[in-house]
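Below is one structure, written out as structure tokens; comments come after it.
Only a predicted model underlies this, so the values are computations on that prediction, with no experimental measurement involved. Remember, it's 1-based here, ligands and their atoms both numbered in the order they're listed. The analysis underlying the following values was restricted to heavy atoms, covering all of them including side chains, and did not include hydrogens, waters or symmetry mates.
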Amino acid sequence: MNHTHLNKTPFLGCEGVSVQFFDRETPALSEMSVSIEEKESVLLLGPSGSGKSTLALVLSGIIPRSVDAWMKGTVYRPDRVGVMFQDPDAQFCMMTVEDEIAFSLENRMVPPAEMRGRIEALMKEVRLDVPLCRRINELSGGLKQRLALACLLALEPDVLFFDEPTAQLDPENTRYVLEDIRRLHGKKTLVLIEHKLDGAMEAVDRVLLFGSQGRIEGEGRPEDVLRDHADAIKRYGIWTPRLWPVTWPELLLPGHELGASLTQQAARFEQRAVETQMEQAVRKADAPLLAVQGGGLTYRSGLRVWSDVDVEVRPGEWVAVVGANGAGKSTFLKAVGGLHELTEGKVLWKKKELKSYKSEALYDAVGFVFQNPEHQFIADTVYEEVAFGGKLAGWPQEQVQAETERLLVDFRLEELRGKNPFTLSQGQKRRLSVAGMLLKNQELLLLDEPTFGQDAATTEELLQRLAERNGQGTTILMATHDMEIVAAYATRVLVFAEGGLLFDGQPQELFARPDLLRHASLNEPLAYEYKRRVREREEGAVHV
Ligand SMILES: Nc1ncnc2c1ncn2[C@@H]1O[C@H](COP(=O)(O)OP(=O)(O)OP(=O)(O)O)[C@@H](O)[C@H]1O
Ligand SMILES: Nc1ncnc2c1ncn2[C@@H]1O[C@H](COP(=O)(O)OP(=O)(O)OP(=O)(O)O)[C@@H](O)[C@H]1O
């Protein structure tokens with residue numbers, strides 16, 4: 001597989017390619033040979049740091065053209081390639097939606113007279129329903145990602161690379177983007193890296209399974225790879241689709257194995273809900289750690305993100321902050337963390353106005369994990385990045401060292417200790433940004449999508465670490481798009497929508513309201529959806 005000699009020149013592929021980044025002791029790709037046919041669609045599946053993005057960068061030509069790395073081997077590619085990354089901001093260079101798409105079209109020498117019509121057609125194709133003159137920095141993450149896709153399609157590429165395009169998207173926008181990718185299936189050559197596999201598998205003809213040491217461990221039709229390599233997939237802790245290739249009608253048949261495990265999971269959620277209810281009732285007597293009173297925030301651009309927000313958070317709660325892209329989750333976390341000042345109302349920390357505290361006092365009490373890990377990095381090495389908080393707080397050296405080492409192991413970063421944070425893989429960066437915030441025992445952790453872009457094993461480990469902290473009394477406020485995490489971990493959930501706080505209550509109350517979920521572009525956890533559909537089916541049967 002890795003060494004196959006190619007009989008004919010592939011449409012897209014590589015032969016005997018090895019890549020080693022300059023500061024690394026081991027190669028990111030080892031003697032890799034891959035052959036992809038025209039209009040074929042291939043999924044790169046593998047654990048964090050296994051080389052998926054590196055292969056996409058090699059096949060698209062970004063390595064070695066724009067990234068410093070040693071590389072050998074041969075690469076085959078057609079003339080026009082387009083790449084869509086996790087972070088849409090990385091690819092824009094103009095101010096407005098119209099200019100950005102026009103910029104791509106100019107690359108294709110589209111005559112000015114046709115420009116407007118082409119721009120509108122592309123926006124329609126990706127369902128980007130905003131005025132042409134809308135400034136890009138005023139678009140939500142989901143709309144930005146759709147704009148990025150419109151710009152890519154404008155280039156009429158022969159191959160499209162998608163590197164975790166839905167990582168920052170809410171469930172509804174994720175569905176849209178995956179739908180767009182499914183529509184391209186069979187029309188374009190596609191290379192996809194994606195963790196959310198439900199909804200993506202229908203667009204995949206073949207899976208390349210990455211193991212350790214930058215090698216491909218298996219390949220074939222998706223159902224064959226998932227079956228034949230089930231053990232390795234489990235060992236590496238890779239996400240697999242939860243439903244595919246199972247369909248709902250099939251799943252609802254009595255005696256289905258997955259159905260049974262979903263029933264058990266729903267029972268666990270419900271048991272947890274009962275316990276949470278009791279805990280929350282006891283907490284009501286405690287003084288709030290944090291309170292927002294009549295809170296509102298309007299950015300200088302004039303955008304009023306939300307208003308009339310009243311929230312009290314008590315010590316030990318695990319509050320999930322959810323809502324569609326652009327609903328104001330990050331803005332809320334920044335406001336309660338003292339990074340943005342409210343334009344209406346006030347934030348109280350332990351009954352005193354937040355703004356009356358010195359920033360050092362807040363820094364000691366509150367840890368903030370930013371949505372973009374790179375916005376947080378301040379040190380030159382992974383080790384220093386984790387150790388920073390302890391050193392700043394004047395801890396004895398042995399303590400800094402011991403705690404840092406423990407976190408490096410917990411977050412699977414020990415081999416990268418001497419590396420520059422900016423050179424890590426997406427998943428590694430995210431883990432580092434969380435580890436750095438867990439060194440100190442803050443009273444409050446504000447986490448902006450701490451699990452995005454993680455493989456299954458790391459997501460689980462990360463949540464376990466947070467659960468331990470929560471068990472020791474740390475209060476958690478966490479923005480997330482992952483309703484499975486909300487159901488399994490949160491004691492409470494805040495839903496932001498329509499310029500305000502639409503819902504404040506326990507997760508099971510939210511998930512019992514499909515209308516509200518739809519309204520806020522959220523989805524039901526699979527176990528709850530299964531239970532609801534079984535019930536509806538039984539009721540349907542009774543009515544018949
Ligand atoms: N620019 C770089 N400089 C140095 N090392 C790098 C660079 N980019 C990636 N690496 C390293 O190469 C290895 C493979 O990274 P890659 O981004 O390809 O992994 P991945 O499978 O896409 O991971 P993830 O799922 O976490 O995004 C990692 O160990 C990473 O730290
Ligand atoms: N510094 C800023 N100046 C102006 N507008 C901003 C700023 N930061 C965010 N916005 C806008 O405010 C709105 C809310 O953004 P915010 O990032 O809080 O939403 P979110 O719910 O976290 O979204 P996502 O799920 O996409 O991360 C968006 O329309 C965004 O474009």
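Within the 4.0 Å heavy-atom cutoff, Lys334 does not count among the residues contacting ligand 2. Ligand 2 does not have Ala479 within reach: every non-hydrogen atom of the residue lies 4.0 Å or more from it. Ligand 2 has no atom lying under 4.0 Å from any heavy atom of Asp448. Heavy atoms of Ala327 approach ligand 2 to within less than 4.0 angstrom.
Ligand 2 places these atoms under 4.0 Å from at least one heavy atom of Glu449: 25 (O), 27 (O). When each atom of ligand 2 is checked for a heavy atom of Thr331 under 4.0 Å away, the hits are 14 (C), 15 (O), 16 (P), 18 (O). Counting atoms of ligand 2 from 1 in the listed order, those under 4.0 Å from a heavy atom of Leu303 are 11 (C), 12 (O), 13 (C), 29 (O). Annotation for ligand 2: atoms under 4.0 Å from non-hydrogen atoms of Asn137 are 31 (O). Close approach of ligand 2 to Val305 (heavy-atom distance below 4.0 Å) involves ligand atoms 12 (O), 14 (C). Counting the atoms of ligand 2 from 1 in the order shown, those under 4.0 Å from a heavy atom of His481 are 25 (O). Counting atoms of ligand 2 from 1 in the listed order, those under 4.0 Å from a heavy atom of Ala324 are 21 (O). Atom numbering of ligand 2 starts at 1 in the shown order; those under 4.0 Å from a heavy atom of Ser330 are 17 (O), 18 (O), 20 (P), 22 (O), 27 (O).
Under the side-chain contact (heavy atoms from CB on, under 4.5 Å) rule, Tyr383 has a single partner from Lys419, Glu414, Arg417, which is Arg417.
For the residue pair Gln428 and Ser425, a side-chain donor N or O sits within less than 3.5 Å of a side-chain acceptor on the partner. Using modelled atom types and a 3.5 Å distance limit, the side chains of Glu194 and Thr166 yield a donor-acceptor pair. Tyr299 and Thr331 share a donor-acceptor pair across their side chains, judged by distance under 3.5 Å alone. Ser48 and Asp455 form no side-chain donor-acceptor contact under 3.5 Å, judged by distance and modelled atom types alone. Side-chain polar atoms of Arg206 and Ser41 form no donor-acceptor pair below 3.5 angstrom. Defined by atom type and a distance below 3.5 Å, a donor-acceptor pair is present between the side-chain atoms of Arg146 and Asn173.
For Lys346, the NZ atom is loosely surrounded, since the number of other residues' heavy atoms within 6.0 Å does not exceed 12. Summarising the local packing, CD of Glu374 is surrounded by more than 12 heavy atoms from other residues, nucleotides or ligands at distances under 6.0 Å. Within 6.0 Å of the NE2 atom in His340, the count of heavy atoms belonging to other residues, nucleotides or ligands exceeds 12.
Side-chain contact between Thr96 and Arg134: absent, with no pair of heavy atoms (C-beta onward) separated by less than 4.5 Å.
Residue Gly142 places no N or O, backbone or side chain, under 3.5 Å from any N or O of ligand 2. Residue contacts with ligand 2: His340 is placed with no nitrogen or oxygen under 3.5 Å of a nitrogen or oxygen of the ligand (distance criterion only).
Using cut-offs of 30° and 60° on the angle between ring planes, the pair Phe496 and Phe332 is tilted.
Using a heavy-atom distance under 4.0 Å as the criterion, the protein contacts of ligand 1 are Phe21, Asp23, Arg24, Ala28, Pro47, Ser48, Gly49, Ser50, Gly51, Lys52, Ser53, Thr54, Glu164, Thr423, Leu424, Ser425, Gln426, Gly427, Gln428.
A salt bridge is defined here as a Lys NZ or Arg NE, NH1 or NH2 lying under 4.0 Å from an Asp or Glu carboxylate O, and Lys329 with Asp448 fails to meet this definition.
When heavy-atom distances to ligand 2 are checked against a 4.0 Å cut-off, Leu139 comes that close only through its backbone atoms N, CA, C and O.
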